[in-house]
Every structure is written in C-alpha cells, then in structure tokens.
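Counting from 1, the numbers follow the sequence of the chain as shown.
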Amino acid sequence: MDGTVDGFRYGAVTPVAAYLMACLGGALGLRCIVRSLLDAQSFRAGWLALGAASIGCGIWTMHFIAMIGFHVEETRVRYDAATTVLSLVVAVAVVGIGVFIVGFRGTSGVTLAVAGAVTGLGVAGMHYLGMAAMRLNGEVGYDPVGVALSVLIAIGAATAALWSAVTIRGFLTSLGASLVMGVAVSGMHYTGMAAVSVHVHDMTGGTWEGDSPMSLLLPMLLGPVVFLLLAGVVVMFDPLLVLGERSSASRPDSPPLDSPARKRPSWRAAVSSGRER
C-alpha cells in the first residue's frame with residue numbers, strides 16, 4: 001500500500017533550521033572565496049578549499065536537518081551510516097571541483113557552465129545519495145518530472161553561487177547572495193522531496209537495519225556544524241576581510257589576479273628595461 005509521507009513532522013522548525021544552515025555555509029564559502037581573490041600572495045588553494053568545505057557542509061547539513069522532519073506514518077525510517085557519510089564526502093568534493101575551476105580559471109561562459117553543471121549534478125547526487133541511505137519497510141519511488149526539476153534547480157543554484165563567489169566582493173552583497181543561495185538550495189531539496197512516494201510492504205514482513213534519525217543524524221550533524229563555526233571564526237578574524245577589501249580588487253573593471261596585467265614583471269624584464277634606457 002502507499003505510505004503517508006510527511007516532510008514537515010516538526011512544522012516549520014526543520015525547514016527554517018535547514019535554510020539557516022544553508023545560508024551560513026554559503027556565506028562562509030563566499031567570503032573564503034573572496035578572500036582567496038583579494039591577495040595574489042595568499043594561499044589561494046587553502047582558502048578555496050575552506051570555502052568549498054563550508055558550502056558543501058552547509059548543503060549537507062541543510063539536507064539532513066530537513067530529513068529529520070521526514071516521516072512515513074506506516075513505517076519507521078532509519079539511515080545507513082556509511083551511505084550518509086559518503087553523501088557528505090560527495091557534497092564537499094563536487095563543490096570543491098566547481099570552486100577550484102572558477103577560482104583559478106575565472107567565470108567565462110564555458111568555464112562557468114561546466115563548473116555549474118558539475119557542481120549542480122553533484123549536489124543533486126548528494127541529495128539522492130542521502131535519500132538512498134534511508135532504510136524503511138517499503139520501497140521509495142520518485143516522480144521523474146520532480147526529479148528533473150530538482151536537478152535543474154541544483155544546476156542553476158550552483159552556477160549562480162559560483163558566479164557570485166568570484167564576482168561579488170562586498171560584505172552586504174555576499175550576505176544577500178548567500179540568502180538567495182539558501183532559498184535555491186532549500187527549494188531544490190523540497191522539490192526533490194515532493195517527488196517522493198513510498199510503497200509500504202506488508203507490516204508483518206521482516207526487519208530492516210539502520211539507525212533512527214535522532215540517534216544517527218543529530219550526533220553526525222555536530223561535526224559539520226562545529227566545522228562551520230570554526231570556519232566562521234577564521235573568516236571573522238582574518239585581517240584582510242576585517243579591515244576591508246583592497247580598492248583595486250573591489251573594482252569591477254580590475255583585471256583578474258591571474259591575468260598578465262596583474263602579474264609583477266620578472267627581474268629579467270627589469271634588467272632589459274634598464275639597458276634600453
């Protein structure tokens with residue numbers, strides 16, 4: 001028989017908390033990426049990695065906070081720990097691919113499209129991998145139209161996030177972009193959840209393995225949440241972000257940091273120039 005699916009068991013608590021975590025991860029990630037572009041002498045790869053981990057952890061945390069509110073009336077819902085952890089690894093890895101592509105190659109049309117598609121598909125993969133971690137006395141089905149729409153939203157949200165990460169420099173604009181990103185990521189999640197249906201097996205049929213949402217997800221969520229808080233401390237106390245961005249980096253018409261116009265001349269060029277004089 002068809003199960004009665006409820007995605008809002010605790011009312012607005014889980015959607016609001018999930019949205020806030022998505023916004024937090026997005027805001028920290030955007031600021032880390034901005035920091036990597038402010039100073040050519042800084043450890044760019046490290047800041048990009050921190051930004052990717054922040055965004056990935058924010059998206060993963062959003063998903064499983066929202067899943068705490070997922071309930072099927074006719075059966076208990078449990079989760080496989082290994083698959084749940086794997087979904088976190090996927091989230092951070094695919095976001096990292098997109099962030100490093102735009103961080104080192106810029107946001108030209110083709111580059112942004114490829115990075116956005118890879119990241120969006122990865123975020124959608126994280127979502128459905130997390131759904132595959134569910135263990136219940138039944139079969140989970142998906143409406144193809146809803147799945148396709150959720151994937152398109154994920155790609156659009158990822159593309160917009162990557163574009164804003166290397167284009168938007170001010171604190172308030174980054175904050176606004178993170179709020180929009182939170183709406184897009186949460187919208188992708190609940191669009192995918194609207195496509196879910198559950199066919200419940202005979203109630204007398206066997207048992208299934210896995211941990212309950214509270215016993216598994218709440219302790220597991222502590223790690224990414226603590227990481228996001230520590231990343232927030234790093235961002236808050238970074239001198240370059242606290243004191244403000246350099247005017248040359250904040251101007252929209254300034255060339256990219258990797259362009260020849262921003263590279264310092266070599267000593268050979270300086271010697272040649274002196275000889276010509």
Side-chain angles (χ1 to χ4, degrees), residues 17-18 21-30 32-33 36 44-68 70 77-104 114-135 140 142 147 150-151 153-155 157-159 161-162 165 178 181-182 184-186 188-189 192-193 209-232 234:
M21 293 307 301
C23 291
L24 175 61
L28 292 176
L30 291 179
C32 289
I33 297 169
S36 74
R44 181 181 296 188
W47 282 104
L48 291 175
L50 182 60
S54 298
I55 296 174
C57 285
I59 294 173
W60 185 88
T61 305
M62 176 279 302
H63 172 82
F64 281 102
I65 287 179
M67 289 306 295
I68 291 177
F70 180 79
V77 178
R78 296 178 176 273
Y79 290 88
D80 176 66
T83 309
T84 303
V85 173
L86 179 60
S87 67
L88 173 59
V89 174
V90 169
V92 174
V94 296
V95 172
I97 293 173
V99 165
F100 271 79
I101 289 176
V102 298
F104 284 99
V114 171
V118 170
T119 305
L121 291 173
V123 170
M126 180 279 300
H127 172 85
Y128 290 104
L129 185 59
M131 294 295 294
M134 289 195 305
R135 299 291 182 265
V140 179
Y142 297 95
V147 172
S150 69
V151 172
I153 293 175
I155 294 175
T159 303
L162 293 173
S178 68
M181 189 191 309
V185 172
S186 299
M188 173 267 164
H189 172 84
M193 294 307 297
E209 297 179 351
D211 298 306
S212 65
M214 291 298 181
S215 65
L216 174 68
L217 297 183
L218 285 181
M220 194 172 289
L221 286 168
L222 289 178
V225 170
V226 171
F227 170 81
L228 290 174
L229 293 177
L230 294 176
V234 172

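Among all heavy-atom pairs drawn from Thr84 and Ala133, the shortest one is OG1-CB, 3.6 Å. The two residues Ala158 and Gly116 have their closest heavy-atom pair at CB-O, 3.7 Å. Minimum heavy-atom separation, Trp60 to Ser87: NE1-OG, 2.8 Å. Taking each heavy atom of Ala53 and Phe227 in turn, the nearest pair found is CB-CZ, 3.5 Å. Considering every non-hydrogen atom in both Val151 and Ala124, the closest pair reads CG2-CB, 4.0 Å. When all heavy atoms are compared, the tightest approach of Gly56 to Ala91 is O-CB, 3.8 Å.
Atoms CE and CD1, on Met181 and Ile55 in that order, are 5.0 Å from each other to the nearest 0.5 Å. Considering NE2 of His63 and CE of Met188, their distance stands at 8.5 Å, rounded to 0.5 Å. Once rounded to the nearest 0.5 Å, the distance linking CG of Leu228 with CG of Leu28 reads 6.0 Å. Here the straight-line distance linking atom OG1 of Thr119 with atom CG of Leu162 works out to 4.5 Å at 0.5 Å rounding. Taking CD1 of Ile33 as the start and CG of Leu50 as the end, the distance is 9.5 Å to the nearest 0.5 Å. Here His127 contributes atom NE2 and Met193 contributes atom CE; the two are 6.0 Å apart, rounded to the nearest 0.5 Å.
Of the options Cys57, Pro224, Ser186, a side-chain contact (heavy atoms from CB on, under 4.5 Å) to Met62 is made by Ser186 and by none of the others.
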Checking side-chain contact (heavy atoms from CB on, under 4.5 Å) for the pair Val99/Trp47: CA distance, chi angles, key distance, verdict? CA-CA 10 Å; Val99 165; Trp47 282 104; over 6 Å; no

Met126 and Val94: side-chain contact (heavy atoms from CB on, under 4.5 Å), yes or no, with the steps? CA-CA 9 Å; Met126 180 279 300; Val94 296; 6.0 Å; no

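Checked against side-chain hydrogen bond (donor to acceptor under 3.5 Å, both in side chains), Thr159 has no partners two or more places apart in sequence or in another chain. Tyr128 pairs by the side-chain hydrogen bond (donor to acceptor under 3.5 Å, both in side chains) definition with Ser150, not counting sequence neighbours.
Judged purely by atom type and a 3.5 angstrom limit, Arg44 has no side-chain atom pairing as donor or acceptor with the backbone of Phe104.
Considering only heavy atoms from C-beta on, Met67 stays 4.5 Å or farther from Val77 through its side chain. Using a 4.5 Å heavy-atom cutoff, the side chains of Tyr79 and Arg135 are not in contact. In this structure the side chain of Leu121 reaches within 4.5 angstrom of the side chain of Ile155, judged on heavy atoms.
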